[in-house]
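Structure, as structure tokens:
In the text below, chain A, chain B and the rest are named by the order of the sequence lines, each starting its count at 1. In this text, all values refer to a predicted model and were calculated from it rather than measured experimentally.
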Number of protein chains: 2
Amino acid sequence: MALRHAVLAALLDGELSGYQLAKAFDVGVANFWHALPQQLYAELARLEKEGLVAGRRVVQETRPAKRLFHVTDAGLTELQRFAADASKPSFIRDDLLVKVQAADHVDAGALIRQVEERAAMAEAKIDLFRRILRKMRGDLGEEEFIRAGRRVGPYLTCLRGLAFEEGNRDWCRRTAAILRDRNAAVAGGNAAVAGEGTPAVPGESTAPAARPPEVARAGR
Amino acid sequence: MALRHAVLAALLDGELSGYQLAKAFDVGVANFWHALPQQLYAELARLEKEGLVAGRRVVQETRPAKRLFHVTDAGLTELQRFAADASKPSFIRDDLLVKVQAADHVDAGALIRQVEERAAMAEAKIDLFRRILRKMRGDLGEEEFIRAGRRVGPYLTCLRGLAFEEGNRDWCRRTAAILRDRNAAVAGGNAAVAGEGTPAVPGESTAPAARPPEVARAGR
DNA sequence: CTCCCCTAGTCAAGGATATGACTATTCAAC
DNA sequence: GTTGAATAGTCATATCCTTGACTAGGGGAG
């Protein structure tokens with residue numbers, strides 16, 4: 001149940017409405033947690049009922065009224081308690097990686113497109129994170145901000161997001177290039193794929209890897 | 001519903017029992033998907049009922065009997081269908097990042113310990129992934145294997161896992177160093193933190209971090 | 001003038017994951 | 001000589017997360 005703590009952590013940087021939180025927790029932006037609007041509104045309601053956040057209604061002229069939430073003392077205590085006990089290890093769960101895992105048994109063209117698309121998304125996030133970091137540190141240089149700026153927390157998580165997306169982009173580019181090369185090799189001279197390494201698959205014939213129609217053959 | 005496809009992808013590399021799958025999908029090992037044993041047994045049962053995998057019973061002398069599963073033609077077709085349609089973007093969801101996000105309002109000592117612990121875990125996974133990669137490519141050099149080896153899929157996902165954990169380790173180390181420095185600065189001369197003189201966190205013993213009441217206030 | 005997007009928030013339902021416990025046998029250590 | 005880890009697998013419950021839809025007003029593009 002870390003969503004509640006993610007919400008509390010996000011609200012440390014100032015009052016936010018459910019809607020603003022929802023934008024911050026969006027897939028395209030979130031650099032330390034992700035959640036959908038519905039989850040956030042529900043979690044805010046629970047947090048408020050438990051006294052960990054408090055909201056105040058703000059009426060606007062041109063927009064619907066909103067409720068701005070902030071962390072209460074009890075909420076901060078809870079967050080500190082959470083920060084003190086052990087973190088569960090995080091793990092990878094990515095559609096695209098599943099597809100790449102199966103790369104040798106699956107249509108190469110479609111996969112390459114998806115990997116390239118992901119690279120572009122990573123690039124976009126890199127730009128975004130760079131902008132956010134610049135904005136956070138203001139006039140100060142990075143070293144200086146990190147040493148002496150107030151609130152490094154968000155800066156540090158954003159750095160992780162940046163490094164993650166850079167890794168993502170680099171891997172996607174390399175992977176796309178590799179898959180393209182291998183696909184070209186198979187399409188051109190058919191003898192290019194060497195069979196070496198671990199012979200782990202029992203029912204697999206010698207058919208060339210990649211290419212949609214003739215991939216099958218999981219014998220028994 | 002990508003777990004089923006992750007299972008199919010994992011079974012492409014040869015027959016596996018539920019138990020072996022469970023080990024492969026464990027937090028400490030999984031480099032493209034993670035799941036608990038219960039989930040996997042349940043998913044295998046569903047997949048078998050739908051004819052996407054088939055299992056055969058293998059009686060062992062010293063160990064309990066097991067069922068080895070392999071992907072059927074229908075399963076491969078399903079996996080190919082999955083690989084062809086769009087991947088949903090992946091996202092970050094990490095306890096530790098939540099805590100770092102709140103770093104300025106939370107006990108520094110405990111947090112630093114956790115970040116260092118995570119760095120050590122990352123290091124262990126790096127070693128593991130390097131061993132796995134070496135084993136996969138056998139005698140071939142990396143470039144050669146990537147160009148001509150059969151089954152690059154698992155190699156590529158493992159490369160992603162490796163890069164991810166390297167990024168993790170580097171970020172954890174840097175973060176730990178930064179938090180240590182800032183903590184020392186606060187503990188030593190209190191004037192070291194620029195901004196509004198809001199000292200991040202008092203050391204291990206003293207009372208609450210960053211006074212709660214003045215958290216709020218965001219304009220507009 | 002209409003359509004669509006943005007702000008702001010809510011409801012219901014179902015699928016996916018996590019927590020915790022439980023059966024059995026075997027090998028190795030203490 | 002009993003505890004503990006590893007193999008092999010199952011059950012039930014609870015919470016979490018996702019999908020899809022819906023209200024309602026304002027602003028901008030065409």
Side-chain angles (χ1 to χ4, degrees), chain A residues 1-7 15-30 33-50 53 55-69 85-95 98, chain B residues 1-7 15-30 33-50 53 55-69 82 85-95 98 220:
Chain A
M1 213 200 262
L3 171 58
R4 60 193 308 108
H5 302 111
V7 169
E15 288 181 313
L16 292 174
S17 66
Y19 190 77
Q20 289 174 301
L21 265 182
K23 280 190 301 179
F25 279 74
D26 183 74
V27 243
V29 186
W33 200 266
H34 159 256
L36 296 165
Q38 298 92 314
Q39 257 180 291
L40 293 166
Y41 286 114
E43 194 62 53
L44 280 172
R46 270 193 294 272
L47 285 167
E48 190 177 26
K49 205 170 59 195
E50 295 171 36
V53 306
R56 64 185 179 90
R57 188 183 174 74
V58 175
V59 185
Q60 298 171 109
E61 306 234 319
T62 71
R63 297 278 163 208
K66 60 183 172 184
R67 302 194 63 210
L68 292 179
F69 292 91
D85 55 42
S87 326
K88 45 189 103 167
S90 76
F91 44 77
I92 295 174
R93 219 173 244 167
D94 189 338
D95 263 24
V98 173
Chain B
M1 208 197 261
L3 171 60
R4 60 190 312 109
H5 302 110
V7 169
E15 289 182 313
L16 292 174
S17 68
Y19 190 77
Q20 289 174 301
L21 266 181
K23 279 191 301 179
F25 280 73
D26 183 73
V27 244
V29 186
W33 200 266
H34 159 255
L36 298 164
Q38 298 92 316
Q39 259 180 289
L40 292 166
Y41 285 114
E43 194 63 53
L44 280 172
R46 268 194 296 274
L47 285 167
E48 190 177 26
K49 204 171 58 195
E50 295 171 34
V53 304
R56 63 186 180 91
R57 188 182 176 76
V58 174
V59 186
Q60 298 170 110
E61 304 235 320
T62 71
R63 296 281 163 205
K66 62 184 171 184
R67 298 195 63 211
L68 293 179
F69 292 91
F82 167 73
D85 56 41
S87 327
K88 42 189 106 166
S90 76
F91 44 76
I92 295 173
R93 219 174 243 166
D94 190 337
D95 264 21
V98 172
R220 188 188 318 36

[N], OP1 or OP2 - any side-chain N/O from [X] closer than 4.0 Å?
X: A/Gln60; N: C/dA8; answer: yes
X: A/Lys23; N: C/dA8; answer: no
X: B/Tyr41; N: D/dT10; answer: no
X: B/Arg57; N: D/dA8; answer: no

Distance in angstrom units between [X] [atom1] and [N] [atom2], rounded:
X: A/Glu15; N: C/dA8; atom1: CD; atom2: P; answer: 14 Å
X: A/Leu68; N: C/dG9; atom1: CG; atom2: C1'; answer: 14 Å
X: B/Arg56; N: D/dA8; atom1: CZ; atom2: P; answer: 13 Å
X: A/Arg67; N: C/dA8; atom1: CZ; atom2: P; answer: 14 Å
X: A/Gln20; N: C/dC6; atom1: CD; atom2: C1'; answer: 13 Å
X: A/Asp95; N: D/dT18; atom1: CG; atom2: C1'; answer: 13 Å
X: B/Asp26; N: D/dA6; atom1: CG; atom2: P; answer: 12 Å
X: B/Lys88; N: C/dG15; atom1: NZ; atom2: C1'; answer: 11 Å

*How many angstroms lie between CD in B/Gln39 and CG in B/Leu44, if you round to the nearest 0.5 Å?*
11.5 Å
*asked:* Return whichever of A/Met1 or A/Leu36 has its heavy-atom-nearest nucleotide of DNA chain D closer to the 5' end.
replied: A/Met1
*Please figure out whether A/Ala35 or A/Arg63 has its closest DNA chain D nucleotide nearer the 5' end.*
A/Ala35
Considering every strand and a 4.0 Å limit on heavy-atom distances, what is the contact class for [X]: base, sugar-phosphate, or nothing?
X: A/Arg93; answer: sugar-phosphate
X: B/Ala65; answer: sugar-phosphate
X: B/Ala22; answer: nothing

Quick check for you: among [options], whose closest atom lies nearest to any side-chain atom of [X]?
X: A/Gln38; options: D/dC16, D/dC11, C/dC11; answer: C/dC11
X: B/Gln39; options: C/dT17, C/dT19, D/dT18; answer: C/dT17
X: A/His34; options: C/dC6, D/dT18, C/dA18; answer: D/dT18
X: A/Phe91; options: C/dA18, C/dT17, D/dT15; answer: C/dA18
X: A/Thr62; options: C/dG9, D/dG26, C/dA18; answer: D/dG26

*salt bridge (charged side-chain N to carboxylate O under 4.0 Å, His left out) partners of A/Arg46, counting only residues at least two apart*: A/Glu43
*Does the side chain of B/Leu68 come within less than 4.5 Å of B/Gln20's, by heavy atoms?*
yes
_Is any side-chain heavy atom of A/Asp95 closer than 4.5 Å to one of B/Phe82?_
yes
*asked:* On a heavy-atom basis, which atom in A/Arg57 and which in A/Ala65 lie closest, and how many Å separate them?
replied: NH2-CB, 3.5 Å
*Quick one: does B/Tyr41's side chain have a donor or acceptor within less than 3.5 Å of a partner on B/Tyr19's backbone?*
yes
